[in-house]
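First comes the structure, then the notes that go with it.
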2 protein chains.
Amino acid sequence: MNDRKQHVINTAHKLFVEKGFQATSIQDILDYSSISKGTFYNYFSSKNELLMAIFRVIQKKFEHERNELLIGKDPSDIEVFIKQMELQVKTNRASNLIPLYEEVLFLNDSELKKFISDFQLRMLRWVYERFHEIFGESMKPYLLDAAIMFTAIFHHNLKYERMANSLKSNPERVVRYSVNRLLALMKNVGETGEQLLPPELLDDWSPSCHKKDKTYQEKLTLEIMSLKKESMNRPDTVKYIELLDFILEELLQPNNKRNFVVESALSTLEEHFGKAKLQPLRSYLK
Amino acid sequence: MNDRKQHVINTAHKLFVEKGFQATSIQDILDYSSISKGTFYNYFSSKNELLMAIFRVIQKKFEHERNELLIGKDPSDIEVFIKQMELQVKTNRASNLIPLYEEVLFLNDSELKKFISDFQLRMLRWVYERFHEIFGESMKPYLLDAAIMFTAIFHHNLKYERMANSLKSNPERVVRYSVNRLLALMKNVGETGEQLLPPELLDDWSPSCHKKDKTYQEKLTLEIMSLKKESMNRPDTVKYIELLDFILEELLQPNNKRNFVVESALSTLEEHFGKAKLQPLRSYLK
DNA sequence: CATATATTATACCGTCAGTACAAAAAATGC
DNA sequence: GCATTTTTTGTACTGACGGTATAATATATG
C-alpha cells in the first residue's frame, strides 16, 4: 500500500475516533492529511470505502496477533483464549473500534452494513471454533449458543465496567469474570440439554459464495482435523496446528481470500507432512 | 398533545421505520403529513427532537402495559417477568424500535445520546428492581451483574434467533431460554460469590439531579417498601403494590417527572391507607 | 527528453437541516 | 361581528455536506 494512502488512512482513523465517522467531513480529512480532494477520490471511491480500508488494516493486524498467541500453546487451554480476549480489548481500546463499528452498523448503507456484519459473523465463527477446541466435540450442539452468549456478556460487561471505573478500568477482571460465567453456562446447557440455535446455522450465515455446498466446509474442516491429529506428538506440533487453523480460516473466508498466503503456509506444511498428504488440501486453493 | 402534532409523530415514525432515521428527510415528513416546514419547526425544534418525541410516546405506552402485567400477580413469580419480557419483544417488533435506537445511539448528537443512554439505564434499573423482587435481598450483590448479563444475552439471542428463523421466529422460546440461563447464572454467582459490579453503581448512573443525595433514593425505596408490607393481606393488595411501584419509578426519574400522575396515584392510596400514612411519601413530591 | 501517471486547485452539482419572513388562515376575546 | 392574537403556510434563503468534472501542474518512469 502507498505510503501516502496509508497516511490518509491513519489521519482519518484519528479523526473518526475523535469526532465520529459522520461528524468528520471529507474536508476535515483533506485538511489534516494535506491532500487534495482529487487525490482522495483517487485513493478511495467514497468515504465509506475509506472506513472499510481502516477496518481492514486494524482487523488484519489484530487477527495476526491473535493467532500468534496460539503459538506453542495448547489450543484447548482456556487460558490461551483468555489471553486472546484480552488482546481484543486492548486492540479495540487502542483504536477505539467499538463505537465506530456500532455507529456504522446502522448507517443505511447496505454495502457498509454487509461489511460490518460479515466481520461480526466471522468473529462469532472464530469464537465458535475456539470453543470447539476448548470444550470438545461432545458440546458441539451448544457451542453456537455459547459463542453468542459469551460475546454478548463479554461486551456488555466491558461496557458497564468501563462506565463504572472509567479511569481504573480493569479489562482482565472482566475477561475472567465473563469466562467464568461462560463455564457455568456450558455446564448448565450440558446438563439440561437445552439448545436455542444449532451450530450448522453458522454455515448459512457465512458470507455468500460457499452457501450452496455446505459439504465444502465440512470436507475442508475434516481434512484439517485429520492433519491436526497427524501432527500431534511430533515436534513443533503447535506451530503446525496454528498454520492449519490459519489455512482453514482463510479458505473459509470468501472475500479477500489471500491465496498467496495460503500457498506459503501450505509449502511450509509440505516440508513437515510430505507433499502427498497435502495434495487434497491444495485442491481447495483453486 | 395536539392532534396535528400527534399525527406528525405517527407518520414520521412510520417513515423512520421504513427508511431509517437519517435516510428520512424533513421534506419527506412534510410531504407525508401534509404540513409546512414552518409548522414542523413550530412543533419540534429539530429532527432529533421529533425522534425523542416518538420514543417518549412508545416508551410511555410500553411501561404502562408492562406495569399492567403485574396487576393481580405475585411480583416474585418469574413467570410474570417472562410475560413482561415477551411484551417488550412485541412492542419493539411492532414499532421496530431496536434498529432505530441503535442507529441513533451513535449519531454524534450529545443530547440524543444522553436521552437514549438514560433510557437504557432506566431499563437496566427496572430489570434490577424486578430481579430484586424475584431473587430476594440475599442475592442483591449479584443483581446488577445479573441485570447486565441477562439484558445482553436476551438481546443477542433475539437478534440471532431472528436471523436464523426470520419468518418463523419464536420470541417466546428465546425469552424462556434466556431466563433459564439467567437462573443458571444466578445459582452460579450465588455459589461462587463472584461480583463484577456492585449494585450501588446504579445510583451513580441515575440521571443527574439525585446524584448528590443517595439517601434520597434509599429513603424513598424504604418508604415504599414499608407501605407495600402494610398493604399485604388486604383486599386489592396487588393493585396498591402496583400503584406504589409506579410512584417509586416515577419519583426516581428526574426528567419528565409527571407530578400530576403521582398526585392522582397518591390520592387513590390515601383512600386505602389514610392520609397520615401517606404524608411522608407526599413530601417527596415537592 | 518524452510520455504516462499522480496530484492539485477550483468550480460545480444536488441534497440536506435549519432559518427568515411576510402573507394568509384560524382561533380567541370582547 | 369585529379586532387581536396565534397558528399555519409558502417561499426563498443559508451553509454544510458528499461527490463530480476538468484543466493545469508536478512527479515519476523508460
Side-chain angles (χ1 to χ4, degrees), chain A residues 1-55 100 103-116, chain B residues 1-55 100 103-116:
Chain A
M1 175 150 357
N2 191 344
D3 260 9
R4 225 167 137 75
K5 188 173 173 182
Q6 187 60 55
H7 174 246
V8 177
I9 290 183
N10 291 340
T11 40
H13 181 205
K14 266 183 217 139
L15 287 170
F16 287 166
V17 166
E18 271 173 35
K19 311 174 54 172
F21 174 68
Q22 299 179 82
T24 304
S25 69
I26 302 254
Q27 197 54 52
D28 290 335
I29 300 169
L30 266 36
D31 294 345
Y32 278 83
S33 52
S34 309
I35 57 160
S36 73
K37 211 166 196 176
T39 308
F40 179 90
Y41 280 99
N42 182 27
Y43 289 155
F44 315 98
S45 62
S46 71
K47 199 182 167 190
N48 288 346
E49 201 61 48
L50 161 63
L51 184 64
M52 289 195 257
I54 294 176
F55 281 151
L100 262 183
E103 177 181 356
V104 155
L105 192 48
F106 304 91
L107 216 57
N108 251 58
D109 177 289
S110 55
E111 201 192 355
L112 210 46
K113 252 176 170 168
K114 189 165 178 348
F115 178 82
I116 300 285
Chain B
M1 174 153 353
N2 191 345
D3 261 9
R4 222 168 138 76
K5 189 172 171 181
Q6 185 60 56
H7 173 244
V8 177
I9 291 183
N10 292 339
T11 41
H13 180 206
K14 266 183 218 141
L15 286 170
F16 287 167
V17 166
E18 273 172 35
K19 309 174 54 172
F21 175 68
Q22 300 179 81
T24 303
S25 69
I26 301 254
Q27 197 54 52
D28 290 335
I29 301 168
L30 267 34
D31 295 344
Y32 278 83
S33 52
S34 308
I35 59 160
S36 73
K37 209 165 199 176
T39 308
F40 179 90
Y41 280 98
N42 184 27
Y43 289 156
F44 315 98
S45 62
S46 71
K47 199 182 167 188
N48 289 346
E49 200 61 48
L50 161 64
L51 186 64
M52 289 194 257
I54 293 176
F55 282 151
L100 262 184
E103 178 180 356
V104 154
L105 192 48
F106 303 91
L107 217 57
N108 250 58
D109 177 290
S110 56
E111 204 190 354
L112 209 47
K113 251 175 170 166
K114 187 164 179 351
F115 177 82
I116 300 284

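Owing to the predicted nature of the structure, the values given are computational and were not obtained by experimental measurement.
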Atom pairs under 3.5 Å: protein N/O with N/O of nucleotides 19-25 of chain C:
none

Going by salt bridge (charged side-chain N to carboxylate O under 4.0 Å, His left out), name the residues that satisfy it together with B:D31, two or more places apart in sequence or in a different chain.
none

Would you mind reporting whether B:N48 and B:F115 have side-chain heavy atoms less than 4.5 Å apart?
no

Roughly, in whole Å, what's the span from NZ in A:K47 to C1' in D:dA16?
12 Å

Spacing of B:I29 atom CD1 relative to C:dA17 atom P, expressed in whole Å
8 Å

As a test of reading the structure: which of D:dT7, D:dG19, C:dA6 is closest to the side chain of A:N42, going by heavy atoms?
C:dA6

Kindly point out which of C:dG18, C:dA9, D:dT9 is positioned nearest to the side chain of A:S36?
C:dA9

Mind checking if B:S25 touches a base, just sugar-phosphate, or nothing, with heavy atoms under 4.0 Å?
sugar-phosphate

How many Å lie between CG on A:N48 and P on D:dG18, as a whole number?
10 Å

Spacing of A:K5 atom NZ relative to C:dA6 atom P, expressed in whole Å:
12 Å

Mind checking if A:F40 touches a base, just sugar-phosphate, or nothing, with heavy atoms under 4.0 Å?
nothing

Atom CZ of B:F16 and atom CG of B:L51: how far apart are they, to the nearest 0.5 Å?
5.5 Å

Write down the distance between CG (A:L51) and P (D:dG19), rounded to a whole number of angstrom.
12 Å

Would you sort out whether A:L50 and A:F40 count as a side-chain contact (heavy atoms from CB on, under 4.5 Å), showing the intermediate values?
CA-CA 9 Å; A:L50 161 63; A:F40 179 90; 3.7 Å; yes

Quick one: do the B:N42 and B:T39 side chains pair a donor with an acceptor below 3.5 Å?
no

What is the separation between atom CD1 on A:I26 and atom P on C:dC13, rounded to the nearest whole Å?
20 Å

In whole angstroms, the gap separating C1' of C:dT10 from CD of A:Q27 amounts to 12 Å

Show the nearest heavy-atom pair for residues B:F44 and B:A53, with the distance to one decimal.
CE2-CB, 4.0 Å

Report each atom pair, protein N/O against N/O of nucleotides 23-28 of chain D, whose distance is under 3.5 angstrom.
none

Measure CG/B:L30 against C1'/D:dT11 and give the value in whole Å, please.
13 Å

